[in-house]
Amino acid sequence: MRDWRVKRRERTRQLIELGGLIAKAELIELTGDDRAVIFGMLIEAAAKLQGDNRDQQLLLWRRRGARVFKQNQLAERS
C-alpha cells in the first residue's frame, strides 16, 4: 500500500479515537452538541498546557482519565 494511504488511515483512526474520547466524556450531551463550546474548552485546555503548571496539570488530567478508564473497564466486565 502506498505510504500516503497508510498515513491517511493512521490519521483517520486517530481522529476517530479522539472523537470517541469527546463522546465518552459526555461533552456532546453536556454542551448540546455545540461545537464552538467544545472547541473553546479544548482551546482552554491547550492554554493551560502552555502555562507554568503544565506538568502538574498533565498529571492531574492523566490520573483522572486513567481512573475513569479503569472504572469503565470494571463496569464492562460486570
Side-chain angles (χ1 to χ4, degrees):
M1 194 176 303
R2 291 188 174 180
D3 188 46
W4 64 270
R5 282 188 182 172
V6 171
K7 288 181 181 180
R8 190 172 112 200
R9 284 188 179 176
E10 289 172 356
R11 176 77 173 142
T12 300
R13 180 179 176 90
Q14 179 188 36
L15 293 173
I16 290 168
E17 289 173 350
L18 292 171
L21 291 174
I22 299 270
K24 194 170 252 201
E26 299 180 358
L27 292 177
I28 298 167
E29 293 83 11
L30 292 171
T31 63
D33 198 12
D34 187 329
R35 292 162 192 213
V37 171
I38 294 170
F39 190 44
M41 294 168 68
L42 295 171
I43 291 170
E44 183 70 24
K48 285 189 175 198
L49 292 176
Q50 294 173 2
D52 294 335
N53 296 326
R54 172 189 167 81
D55 293 336
Q56 184 179 358
Q57 191 65 56
L58 283 172
L59 181 62
L60 172 71
W61 287 338
R62 185 175 292 113
R63 285 180 178 168
R64 189 173 293 162
R67 184 176 62 243
V68 173
F69 274 139
K70 188 174 182 177
Q71 289 171 348
N72 288 342
Q73 287 175 346
L74 293 174
E76 289 174 2
R77 292 181 187 164
S78 299

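Residue numbers start at 1 and run along the sequence shown. Note that the coordinates shown come from a computational prediction; the quantities given were computed from them, not determined experimentally.
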Pair up each side-chain donor or acceptor in residues 10-24 with any protein partner under 3.5 Å, not counting sequence neighbours, and list the distances.
| residue | atom | partner | partner atom | Å |
| --- | --- | --- | --- | --- |
| Arg11 | NH1 | Gln14 | OE1 | 3.1 |
| Thr12 | OG1 | Arg8 | O | 2.9 |
| Arg13 | NE | Glu17 | OE2 | 3.2 |

- Query: Below 4.5 Å, heavy atoms only, C-beta onward: do Leu60 and Arg64 meet side chain to side chain?
  - Reply: yes
Show me, pair by pair, the donor-acceptor contacts under 3.5 angstrom made by side chains of residues 35-52, not counting sequence neighbours?
| residue | atom | partner | partner atom | Å |
| --- | --- | --- | --- | --- |
| Arg35 | NE | Asp33 | OD1 | 3.3 |

- Query: Considering residues, nucleotides and ligands other than Gln57, do more than 12 of their heavy atoms fall under 6.0 Å from its CD?
  - Reply: yes
- Message: Test of understanding: with salt bridge (Lys or Arg N to Asp or Glu O under 4.0 Å), list the residues that count as partners of Lys70, not counting sequence neighbours.
- Response: none
